[in-house]
Structures are given as structure tokens and as C-alpha cells.
Amino acid sequence: MSKTTNDKVNNASPAPSDFIREMVARHVTEKKYPRIHTRFPPEPNGYLHIGHAKSICLNFGIAREFGGICNLRMDDTNPTKEDVEYVDSIVEDVNWLIAGWADDKLGLKPKGKTPDTIASNGKPDFYLAPTVGQASRLSPSEFEEIGDRRDACPTLEPFYASDYFDQLYEYALQLIKKGKAYVCDLSPEDTDKYRGAPDRPGTDSPFRNRSVEENLDLFTRMKNGEFPDGARTLRSKIDMASPNIWLRDPLLYRIRHAEHHHTGNKWCIYPMYDFAHCLSDYIEGITHSICTLEFEVHRPLYDWILENLDLPRPLPRQYEFAKLIPSYMIVSKRKLISLVNDKVVTGWDDPRMPTISGIRRRGVTAEALRNFAIGVGVTKYISVTDIAVYEHAIREDLNKRALRRLAVLRPIKVVISNYPEDKSEELEATNNPEDAHAGTRKIPFSRILYIERDDFMENPPPKYFRLRPGGEVRLKYAYILRCDEVVKDTTGAIIELRCTADLDSKSGGTTAQRKVKGTIHWVSAAHAVDAEVRLYDRLFTEAEPDKDGRDFKSVLNPKSLEVVTAKCEPSLAGAKPELRYQFERLGYFALDPDSTPGRLVLNRTITLKDTWAKEAKQLGTGPYTSGKTSRTE
RNA sequence: UGUCCGGUGGUGUAAUGGUAGCACAAGGGUCUUUGGAGCCCUUUGUCAUGGUUCGAAUCCAUGCCGGACAGCCA
């Protein structure tokens, strides 16, 4: 969150290079367009996820690298699936992700503004200019606290494809007048039959050769609401025998008597994606329309519509790349929505969700997410990205910024027999060894402590460097401790450890230099602050949850969330939502919005790398969960 | 059996006719008052077969394998 960190990522990282950027660079050299203009066009029918993060970083990244603009646009042409809740979340998530990085490239528009009509040879030509860089009034940390930035910019809003319904209707009329579109009365079932199959040509619709006048009349009446849903469609007239199915007279408009979240009840006909998207791009002056691979076969249609409208300005072109698929995650809106609806998770922003809001709540910073989304590269090869790459990006980022704190997740009581009962002292501790400017703090020490249950074993395996009967460990920032006696209850469970401290061994003491193999964390019992700590782990136990059509819910990780009451050093009582914490030897943690002044709730973003867990696994010495991970592998 | 798009270590990604590199992962070492971080080292790759060329991951051909496309979804 520091300026230096941002600068490093913004300026010191080599500019990404990929086949799309190479193309854009060529176009810049050729001066093909007055400026580079991309767009991020989600449909507001779900929350943005990590796959969208890649698309956002690509589109906004290109804008910032080539001095361009990236419009945020709601691709909202299907009223039955969309909702303002999703619009709001999309705006919030995009703003969070690009804050301090590319928010000065964000193209928005004045609220309520629709395209201007530009006279051109008697034919309609429409253009809607962006307002740029107005959303960057909040710093990333301010943004984390405030959230929805629409409130901060009351006069601006994203672009909406639905704002172009008037213009799209005009364009449809043009196509009809040119004999390139017709109203078809075929039922949905018959439309399917007439379309043929990938290896079998389709057949012409019996309504294909209606007169222009009849088409105009019927289309007007469709618009006026004279026909029920599904009764008629407007179709382009291309080629029912085309080897490309998307050129077999694809539908342009369908009838839907439904209220739209943005246009209300003004329309009962709605444009299809293929018709709306290319023309929305054109209206906004988009130069590079970047989408995922599944739209590759639609590109000839994208071009056909634009080219058959004889548009006067330079046409946008579509480029496709392979979407991001991280292992141990699912990135399908349909499947994510079902996790929410089935209450497998607590909501779209459940910290286990691969949604941007879930990732944010988990404690991952925007910078870390961007570094990952950019680092995976851009190709046309469909692949699964190892989640380890994502986790590495998170650790790399958090290691630099997290404040170190001592906290005990699963406490066991330790009594230091030779430490006076009424004594306590303040020990100095480093806030962040990676950042000298982070300073130090004081931690109270006293006779009764808590240490981690996993940091003591009665009969430890080889290479166990922690506390054992008769053995010694270093208490971080404090004394060397020896375990004298193990106190158990009637069931044999360990309830307390009686220990002796080497009272000359703390920093600066005469025996401070003594070498002890292990160092463990601790918290003074009398001074400890309780916190609810939510230990999150991967949501799935399989790298590809939906591989080969498997039910992804059959491979849910039963241990994806464990809640414990942790004992924390007192300074954690003042934990701040915009800061990140490392509980030493355990992992990275962030304050959850569920926290209240009297009740701390922290989320484990990710564990530290745990070489002991790996070692124990190799030793085959049983389930020595280090307390750092509950991962099922 | 149609059209389009792809195949580089375990994974992801560079090399754009000229020494196959980087990152993650894995393994080893070093350091350490975090078994964290850092530092050092190592293993593993051009789908196949032909062709063009002084020289091919790159160009050509054929084959093999994978993916997308038959919503009035986007």
C-alpha cells in the first residue's frame, strides 16, 4: 500500500508482451487509429471473478501502456438474467482492482447520457465519448473502507449497451431496408431445425424473402408489442449453408416482454449479443474489442454486421485470447451462482469464492491480484494455471507489506516456574523485517503464556525442532524455554506445560547467543486479546473440480473453513481493515468486515510456506498438521 | 464425418529463420530469534514424420492430439 510498492510494480516491472499487445503496438506505429480504445464489457448477471480480473488487467493494461482509454460497459441485452445488484458489484470490483493503477484510464460517461447523432451522408451515425479519469478520487486504502465508488462520483456511470437500444433499432432498420435482415415467424424449435448442424447445412426459412415493406411493418409491430414472446424474430440474411453456424441467418432481435433493470418497460424487443456488441463497440469508438476464445467463431458475424451497415468511421476489430482457468477453482458464473444459492458458501463475497469480492474479503490486495492476472500471460492456448502461481503472488505481496504479529491459534497453557507471578515486562518486536520503516512495537511478557498446541510434542519424530519434554526452544523476542513437566487431565489430554526460562537469554542477555534449533511464537495469557479467526483453505480438493463433467460439488473441501478463537498480542485490538498482518510462523491475515469494535474477526488469507508440513509428510510420521494448514491433498 | 483455433519441461509463458530462456512447482545447499523471507545450485521441454534452408520451436506438407461452434444466453 506504500507508494514505493506501487511505484515498483507500476514502473519497474517489464511491460508485458503478448500477441495482442504486439498487434496494438503495430497499430500505434501505423497510426491506424487516433487513439487506442478498449473496453471491459461484463454482463451484469453475476459477480466478477478471477477470470474477469485477467480481462480487466488486459484491457486496462493496454490502455495504460498505449496512452488509451478503457470503457467499462454493462453488456445488458438480456433483461431476464440481469440485475442492478450485479451492476453495483461490478463497478465496485473494477474500481477496487484498478485503483492506483489504471483508474486514470477508466472510461465512464455522464449519468443518463446517450449517444450523439452525427449526420453523415443522410445515414445515421452515432458516437458516445467517454469521460476519463474521474473515478480516481479515492486512494486504494480509502476505497477499501468506503467500497462502492459510485457514491464518490455521483455524476458518472458506466456505459450500458442498453443505452443504445434506440440506435441499435435504427441500425436494424437500415439492415432491413438494405434487404439484409428479415422478420422470421419460425418457432424456436423450427429455427433450430432449419439451422442444420455443424456438419450439415441449414435450410432457408420460409419467411426469408419477405418484402422490405413487410419486414419494416412487422419489425415495427414487434417493437410495439403486438406479438407474444417467441412469436417472431429479426434475423440477418446471410447464408444458411455457411460452414460457420453463426453465419446461418443469426437472430438479431427477439421478443421479451420483460422489465429491464436499466431501461424499465420501454422495450419488449431486445437485441442479441452479436448485434449489440459490435455496434456498441462502434458507437463508443472502440478500436480493439478483446474477448475470450469462444467468440472466435463469432468474429465473421461481428465483421459482417459492421461492414453491411456502411459505417463511416474506422471499425473496431475483435481479438480473442484464452481465458484464465486456475486450478482448484471454478470460473463459471452458472456454477458460482449455484454455490451461493445452495448456501455452500455464505455469499458472492465468501472468502473462499474466486470472485473479486471474495478475493478482496479474503485479504488479497488488488496489487497481488493484478500481478497474478498479468503474470499468467496472454495466449490462445487453453490451459489450467497452477494455483501455486496465484498463491505465490499473494505471499510475495503480503510478505512485503504485512505487519508481523504474535497470535496463537490453538492455545496450550505454559507456566514459567522461575518467572515471578507479579512480574511482567515489555519486549521489543520488529513490525516488518522486510521494511525498516515499519518500526517496532512492545509486546507484554509474563509468567503464564499460551503457545501453539502443534509446537509441543511428547514423542516427537526426527527433525522436530520445537518443544518437547526436557527440550528447549526460543520464545520469539524473549527467552529460551525448557519444558520440565507435562500436566494432563484425567483423560490424558495435555492441559498445561511447566517450564523454566533461561532468564539471561533474551536479546542482549549473557546467554542470548546460545543456539537453540527452534523458535516459536507465544502470547502472554494475562494480556491476550481474543479474536475469531477464520481459517480458509481451497474450496475444492481436486485441481479441476468439473473435469470430465464431474459434479463439482462432489469434490468440495470439507475443511475449506475452520473457525478458531485465537489468543492475540494486545496490539491486534487496534487492527485496521486496510492493513495486512502476518501471524508469525502461521500465515497472513486480514480484518473481516464482520468485525465490530468489541469483537475482532480475522480471515486467514493464506498460510506461510510450511516446510515442516512437507517434511512431516515425507517422514510418514502421521498427520502432523502444523496448525498452519488443513489442506486436503 | 463440417468450419475455425491451438499443441514448447510437472505447470504457465518467452524465443517472431541464428546458443531453447523466465516464473511457479519439485529436489539439494546456505542463512535465520518466523521450519517465513533472502541467497546459491540442480533435474525435467519444442506432438510426430517428411520437406525447404548453411541453419527450423519458428516456414511448408501430411498425420496425431486437444478445444470452440448446432441458445430466441453472453
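Naming convention: chains lettered A, B, ... in sequence-line order (proteins, then strands); numbering from 1 in each chain. Side chains included, hydrogens not; waters and symmetry mates left out as well; all remaining heavy atoms used. Nothing here was measured: the structure is a model prediction, and the numbers come from that model.
- Within the nucleic acid shown, A/P201 has no heavy atom closer than 4.0 Å to any nucleic acid atom.
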Checklist line | Residues A/D229, A/R256; criterion salt bridge (charged side-chain N to carboxylate O under 4.0 Å, His left out); working and verdict | finding: CA-CA 5 Å; A/D229 288 5; A/R256 275 261 206 292; 5.7 Å; no
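- Remark: C1' of B/A74 and OH of A/Y160 are 17 Å apart, rounded to the nearest angstrom.
- At a threshold of 4.0 angstrom between heavy atoms, the contacts of A/T77 are confined to the sugar-phosphate backbone, with no base atom among them.
- Within 4.0 Å of A/A388, counting heavy atoms only, lie sugar-phosphate atoms of the nucleic acid but no base atom.
- A/T365 and A/E367 form no side-chain donor-acceptor contact under 3.5 Å, judged by distance and modelled atom types alone.
- Contacts of A/N399 with the nucleic acid, taken as non-hydrogen atoms under 4.0 Å apart, include base atoms.
- A donor-acceptor contact under 3.5 angstrom links the side-chain atoms of A/H298 to the base of B/A74.
- At a threshold of 4.0 angstrom between heavy atoms, the contacts of A/E320 with the nucleic acid are absent.
- In B/G45 the O4'-C1'-N dihedral to the base is more than 90° from 0, which defines an anti nucleotide.
- When atom types are taken as modelled, the side chain of A/R538 and the backbone of A/S327 share no donor-acceptor pair closer than 3.5 angstrom.
- Regarding A/R580, its CZ atom lies at a distance of 19 Å from the C1' atom of B/G36, rounded to whole Å.
- Contacts of A/A393 with the nucleic acid, taken as non-hydrogen atoms under 4.0 Å apart, are absent.
- The gap from the C1' atom of B/G63 to that of B/G71 amounts to 36 Å, rounded to the nearest Å.
- A/L186 comes within 4.0 angstrom of a base, heavy atoms only.
- By the 5.5 Å and 30° criteria, A/Y273 is not stacked with the base of B/A74.
- Judged by atom type and distance alone, A/R474 reaches the base of B/U33 through a side-chain donor-acceptor pair under 3.5 Å.
- For A/E294, the listed nucleotide lying nearest its side chain is B/A74; candidates were B/U3, B/A74, B/C72.
- Atom CD in A/E296 sits roughly 16 Å away from atom P in B/U3 (whole-Å rounding).
- The same atom, P, is picked in B/C39 and in B/G45; the two are 27 Å apart, to the nearest Å.
- Residue contacts for A/K506: at a heavy-atom cut-off of 4.0 Å it reaches a base atom on one of the strands shown.
- B/G17 and B/C59: their P atoms are spaced 8 Å apart (whole Å).
- Residue A/R299 is classed as having no contact, given no heavy-atom separation below 4.0 Å to the nucleic acid.
- Below 30°, between 30° and 60°, or above 60°: for A/Y169 and A/W267 the angle between ring planes is between 30° and 60°, a tilted geometry.
- With rounding to whole Å, A/F19 atom CZ is found 11 Å from B/G6 atom C1'.
- Judged by distance alone with a 3.5 Å cut-off, a donor-acceptor contact links the side chain of A/E434 to the base of B/G36.
- Counting non-hydrogen atoms under 4.0 angstrom, A/D229 reaches nothing in the nucleic acid.
- Taking atom C1' on both B/C47 and B/C65, the two are 7 Å apart, rounded to the nearest angstrom.
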Item checked: Letter per nucleotide, 5' to 3', of nucleotides 7-13 of chain B [B base touched, S only sugar-phosphate touched, - untouched; heavy atoms, 4.0 Å] -> SS--SSS
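- In this structure, A/R254 contributes its side chain and A/P271 its backbone to a donor-acceptor pair below 3.5 Å.
- Summarising the base pairing, B/U8 is matched to no nucleotide, lacking a Watson-Crick or G-U wobble pair whose two defining distances lie under 3.5 Å.
- Distances from the side chain of A/K614 to the nucleotides B/G36, B/G35, B/A26 place B/A26 closest.
- Looking at A/D455 and A/R585, a side-chain N of the basic residue comes within less than 4.0 Å of a carboxylate O on the acidic one, giving a salt bridge.
- Within the nucleic acid shown, A/K515 comes within 4.0 Å of sugar-phosphate atoms alone, with no base atom in reach, counting heavy atoms only.
- Contact check on A/E472 versus A/R514 returns a salt bridge, with a Lys/Arg side-chain nitrogen under 4.0 Å from an Asp/Glu carboxylate oxygen.
- Ring geometry, A/H49 versus A/H52: the interplanar angle falls from 30° to 60°, so the pair is classed tilted.
- Base engagement by A/K463 is indicated by at least one non-hydrogen atom pair under 4.0 Å involving a base atom.
- Counting non-hydrogen atoms under 4.0 angstrom, A/F372 reaches nothing in the nucleic acid.
- Within the 6.0 Å centre-distance limit, the rings of A/F372 and A/Y390 are counted as a close aromatic pair.
- Minimum atom distance to the side chain of A/D199 is reached by B/U1, of the listed B/U1, B/A70, B/A25.
- The pair A/R466-A/D454 does not count as a salt bridge, with every side-chain nitrogen at least 4.0 angstrom from each carboxylate oxygen.
- A straight line from CD of A/E544 to C1' of B/G67 spans 13 Å, rounded to a whole angstrom.
- To the nearest whole angstrom, the two C1' atoms, one in B/C72 and one in B/G12, are 39 Å apart.
- Side-chain proximity of A/V297 to B/A68, B/A70, B/G36: nearest is B/A68.
- You'll find that the side chain of A/T519 is closest to B/G35, out of B/G35, B/C72, B/C69.
- Looking at A/R395, its side chain has no donor and acceptor atom pair within 3.5 Å of the base of B/G36.
- Across all strands shown, A/F295 has heavy atoms under 4.0 Å from base atoms, whether or not it also approaches the sugar-phosphate.
- With both ends at atom P, the span from B/G38 to B/U44 equals 25 Å, rounded to whole Å.
- Comparing B/A70, B/G35, B/A74 against the side chain of A/I245 picks out B/A70 as the nearest.
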